[in-house]
*Asks:* 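I'd like to ask you about the structure that follows.
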2 protein chains.
Amino acid sequence: MPVTMRDVAKEAGVSIKTVSRVVNNQGEITDSTRERVLAVIERLGYRPNLIARGLVTQRTYTIGLNIQDITNPFFPEVARGVQDMARAHNYNVFLCNSDDDPQEEIRTLQTLADQSVDGIISFPNRQSTVRLFAEENRPFVLINSDMKHPHVSQVMTNNFQGAKLAVDHLATKGHTEIGMITGQYLQESQRVLGFEAGLKAHGLTITPSRFLSGMPKFERGIEATHQLLTEHPEISAIFTFNDLLAAGAIQACKKLGRRVPDDCAIIGFDDTQLASLIDPPLTSVRLPKYEIGQVAMQRLLEMLEHPDQDFPPIHLDVELIVREST
Amino acid sequence: MPVTMRDVAKEAGVSIKTVSRVVNNQGEITDSTRERVLAVIERLGYRPNLIARGLVTQRTYTIGLNIQDITNPFFPEVARGVQDMARAHNYNVFLCNSDDDPQEEIRTLQTLADQSVDGIISFPNRQSTVRLFAEENRPFVLINSDMKHPHVSQVMTNNFQGAKLAVDHLATKGHTEIGMITGQYLQESQRVLGFEAGLKAHGLTITPSRFLSGMPKFERGIEATHQLLTEHPEISAIFTFNDLLAAGAIQACKKLGRRVPDDCAIIGFDDTQLASLIDPPLTSVRLPKYEIGQVAMQRLLEMLEHPDQDFPPIHLDVELIVREST
DNA sequence: TTGTATTATCAAAACGTTTTTAGGCTCTTT
DNA sequence: AAAGAGCCTAAAAACGTTTTGATAATACAA
């Protein structure tokens, strides 16, 4: 039923090869034949079958984007950055949520490989599973992972620095008793390390029981804050792994009768849309989310263009956005 | 380089067809040969090439999801619903943002068709562009569109009813001067109609200048509310097309010195995560977002299973969630 | 032994492209 | 007149599968 290249060739009275050359405009072709062929293509509504083309060229013009969870407000902007850039270069994007579950990540990457994607952008949670796939020469862009491997490129945001900025900010405001609610993503480690480094730099003690972790979701933020503030009433500031947890923290403070920021300051991470909308507006470490997606896709395109080249990691800056929660 | 079916066949000493049958476990095969083949598959790490398979079976195990904008907090949950259901049936999802731009929608659908997706789930903004693609027998699920066409199925939420509920709620609270900030999506019409029907039911007059529209984003909410309240100071309640606009409206009220809900009540639509996080918590019409995605994908799967069957529209209920902004 | 059904296998065609091979025709240039 | 460029043709191989049609092996009944 669909119009094939053979149909076009027959109708235009040229060889299949000529049609192919017109479609991919390569090689020397007279204007007159080109126009004749194009007219027939237009008239028949011919569209090349990308599946068939992909089979022979080994290029599918698809990529995979592996994230933890699109309903975490950090990811939509990143995804949008990837997709806008992809679309501008005629690529399509498979979006996959693997929920920070190593099993799911393996399955996701496997499926993407089965679909013969040209490349993959991933927020990895375990290095090992990615390594498995990096072996196959398939271009890979990892966000915030320091894995070194040929055909693997990195986009890094300075989360360590971001966490340190947050502590600096709190310390200069006079806070000495600071707690942290962490998440459980891989990226977390840098934020924790930065937090600890910040404490140390200001001569503050690191109290293990002041670190609580869990799924980086709103409800967990409420819960953890409740626990943190009842076990450590001396805490006057809380730094959270992301804005959702911070939103929960604010909510918990309200319930506990602690005013924010006067009785307890709160700093989030990511600076999602949420931050400016909640009350009080949230101080947060801004990541250039859209840009992360953009440059990750851009890098992937470069890697596809120059398969044997080695690319240095891309570093993106973070920024502390001070609002009224501190 | 990749392991092919031919390799497996040679290694196991059987025909390619036998391998194929083992892989798709169909047809009669002795246990002994099956096991021998499976062992070789395991040993060589063979994985069937879905592109090649798709070329012959015309089934790619991919679908397209066309939405307006993933950074609109309404969509991530829907997308997650689609993806979880898709993944459970070994489907992969192309996510496309077409920003409510008819040109982009055409391009998106065209690209998806080029990629030979098995089906498409779409939030259409113009009926005509979808009709173009519905002709091709490709299963289509439309959200909140009343287009009737073979091979096109609908998932509907009762937005008319939702808007009416909102007005009812405001009217029983004693509000008589109510404004609306609309969006510009197709789904909007039902919300506007429901709003007007609500006004009429309570004997309130419909004032055209009290309708303002624009991109359904936060900034636009601020802007429109400002305009609405300065041009119509008598307004004591505002109903918005979605939660983002409502969040903007609240912000604008604060700036104008109007307390919410005492001086101006606000009702949103969608009941996104936002609603419970902002201050005051937002009264909003809840759509079953995750479920929309789930059932849309489920329906698509049914359509793929039974290509010639006709399916009735699926209707999902909405619900007014009353919080403190009214 | 023959015939027949059942089961297991194989070789080849097909899917719709791109690419390779092996040219042919018409100009222009030497 | 020969050589080379430029533009094209036709046919076939390749990509990695599934599927078709044919055949071989086995089992059982007569």
Side-chain angles (χ1 to χ4, degrees), chain A residues 1-38 40-41 44-62 90 111 113-118 136-138, chain B residues 1-38 40-41 44-62 90 111 113-118 136-138:
Chain A
M1 181 61 59
V3 182
T4 152
M5 195 166 245
R6 178 175 274 101
D7 300 334
V8 174
K10 186 178 297 180
E11 190 76 10
V14 299
S15 75
I16 289 189
K17 176 169 184 179
T18 303
V19 177
S20 176
R21 290 173 114 185
V22 169
V23 168
N24 303 295
N25 53 323
Q26 61 182 208
E28 327 264 357
I29 282 200
T30 335
D31 283 352
S32 72
T33 31
R34 187 202 319 285
E35 272 163 33
R36 187 153 40 98
V37 171
L38 285 177
V40 173
I41 286 177
L44 300 187
Y46 168 75
R47 298 232 108 208
N49 180 325
L50 296 190
I51 298 293
R53 175 182 290 170
L55 187 56
V56 37
T57 61
Q58 309 285 32
R59 272 292 194 95
T60 54
Y61 280 86
T62 62
N90 295 310
T111 318
D114 290 348
Q115 289 284 3
S116 304
V117 295
D118 291 344
E136 321 187 11
N137 289 0
R138 200 186 305 278
Chain B
M1 182 62 58
V3 182
T4 153
M5 197 166 243
R6 178 175 275 99
D7 299 333
V8 175
K10 185 177 299 179
E11 189 76 8
V14 300
S15 75
I16 289 188
K17 173 166 188 185
T18 304
V19 177
S20 175
R21 290 174 112 185
V22 169
V23 169
N24 303 293
N25 54 324
Q26 61 182 209
E28 324 269 356
I29 281 200
T30 335
D31 283 352
S32 72
T33 32
R34 186 203 319 286
E35 272 164 33
R36 188 153 39 98
V37 171
L38 285 176
V40 174
I41 286 178
L44 300 187
Y46 166 75
R47 297 232 109 209
N49 179 323
L50 296 190
I51 298 292
R53 175 182 290 169
L55 186 56
V56 36
T57 60
Q58 311 284 31
R59 272 293 193 93
T60 55
Y61 280 87
T62 62
N90 294 310
T111 318
D114 291 349
Q115 289 285 2
S116 303
V117 294
D118 291 343
E136 320 186 11
N137 288 1
R138 198 187 306 278

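Sequence lines set the chain letters: A, B, ... in the order given, protein chains first and strands last, and positions in each chain run from 1.
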*Asks:* Contact class for B/V23 vs. all strands (heavy atom < 4.0 Å): base, sugar-phosphate, or nothing?
*Replies:* nothing
*Asks:* How far apart are the closest heavy atoms of A/I41 and A/V8, and which atoms are they?
*Replies:* CG1-CG1, 3.8 Å
*Asks:* With a sphere of 6.0 Å drawn around CZ of A/R59, does it hold more than 12 non-hydrogen atoms of other residues, nucleotides or ligands?
*Replies:* yes
*Asks:* Taking the side chain from A/S116 and the backbone from B/I51, do they hold a donor-acceptor pair closer than 3.5 Å?
*Replies:* no
*Asks:* Which residue, B/L55 or B/R36, contacts DNA chain C at a nucleotide closer to its 5' end, judged by nearest heavy atom?
*Replies:* B/R36
*Asks:* Name the closest nucleotide to the A/N49 side chain, picking from D/dC7, D/dT9, C/dT17.
*Replies:* C/dT17
*Asks:* Output the rounded distance in Å from CD (B/Q58) to C1' (C/dA14).
*Replies:* 11 Å
*Asks:* Tell me: CZ of A/R59 to P of D/dC15, nearest whole Å?
*Replies:* 18 Å
*Asks:* To the nearest angstrom, how far is A/I41 atom CD1 from C/dT17 atom P?
*Replies:* 10 Å
*Asks:* Provide the closest heavy-atom pair for A/V23 versus A/M5 in the form atom of the first, atom of the second, distance.
*Replies:* CG2-CE, 4.1 Å
*Asks:* Identify the heavy atoms of B/V117 and B/T62 that sit nearest to each other, and give their distance.
*Replies:* CA-OG1, 3.4 Å
*Asks:* If every non-hydrogen atom of A/R21 is compared with every non-hydrogen atom of A/I29, which pair is closest and at what distance?
*Replies:* CB-CD1, 3.8 Å
*Asks:* Within less than 4.0 Å of OP1 or OP2 of C/dT9, is there a side-chain N or O belonging to B/S15?
*Replies:* no
*Asks:* Between P on D/dT9 and CZ on A/R6, what's the gap in Å once rounded to a whole number?
*Replies:* 15 Å
*Asks:* Pick the nucleotide of DNA chain C nearest each of B/G13 and A/P48; which residue has the one closer to the 5' end?
*Replies:* B/G13
*Asks:* Kindly indicate whether the side chain of B/R34, heavy atoms from C-beta on, has any atom under 4.5 Å from the side chain of B/L38.
*Replies:* yes
*Asks:* What is the separation between atom CG on A/L44 and atom P on C/dG16, rounded to the nearest whole Å?
*Replies:* 15 Å
*Asks:* Between the opening five pairs and the closing five pairs of the helix from C/dT1-D/dA30 to C/dT30-D/dA1, how far apart are the helix axes, to 10°?
*Replies:* 60°
*Asks:* Ignoring the backbone of A/M5, work out which of C/dG16, C/dT18, D/dA10 is nearest its side chain.
*Replies:* C/dT18
*Asks:* Could you state the CG-C1' distance from A/L50 to C/dC15, rounded to the nearest angstrom?
*Replies:* 15 Å
*Asks:* May I have the distance from B/I51 (atom CD1) to C/dT18 (atom C1'), rounded to whole angstrom?
*Replies:* 15 Å
*Asks:* Any idea which of D/dG16, C/dG16, D/dT17 is nearest the A/T4 side chain?
*Replies:* C/dG16
*Asks:* Give every pair of a protein N or O atom and an N or O atom of nucleotides 19-22 of chain D that lie under 3.5 Å apart, one pair per line with the distance.
*Replies:*
unit_1 : atom_1 : unit_2 : atom_2 : d
D/dT20 : O4     : B/K17  : NZ     : 2.8
D/dG21 : O6     : B/K17  : NZ     : 3.0

*Asks:* Looking at A/T30 and A/T33, would you say the former's side chain and the latter's main chain have a donor-acceptor pair under 3.5 Å?
*Replies:* no
*Asks:* Which pairs with one or both residues in residues 47-58 of chain A pass salt bridge (Lys or Arg N to Asp or Glu O under 4.0 Å), sequence neighbours excluded?
*Replies:* A/R47-B/D114
*Asks:* For the pair made of CZ in A/R53 and C1' in D/dG16, what is the distance, rounded to whole Å?
*Replies:* 18 Å
*Asks:* Atom OG1 of B/T57 and atom CG of B/D118: how far apart are they, to the nearest 0.5 Å?
*Replies:* 8.0 Å
*Asks:* Once you apply a heavy-atom cut-off of 4.0 Å, does A/R34 come out as touching a base, just sugar-phosphate, or nothing?
*Replies:* nothing
*Asks:* Of the candidate nucleotides C/dT17, D/dT9, C/dG16, which contains the atom at the shortest distance from the side chain of A/P2?
*Replies:* C/dG16
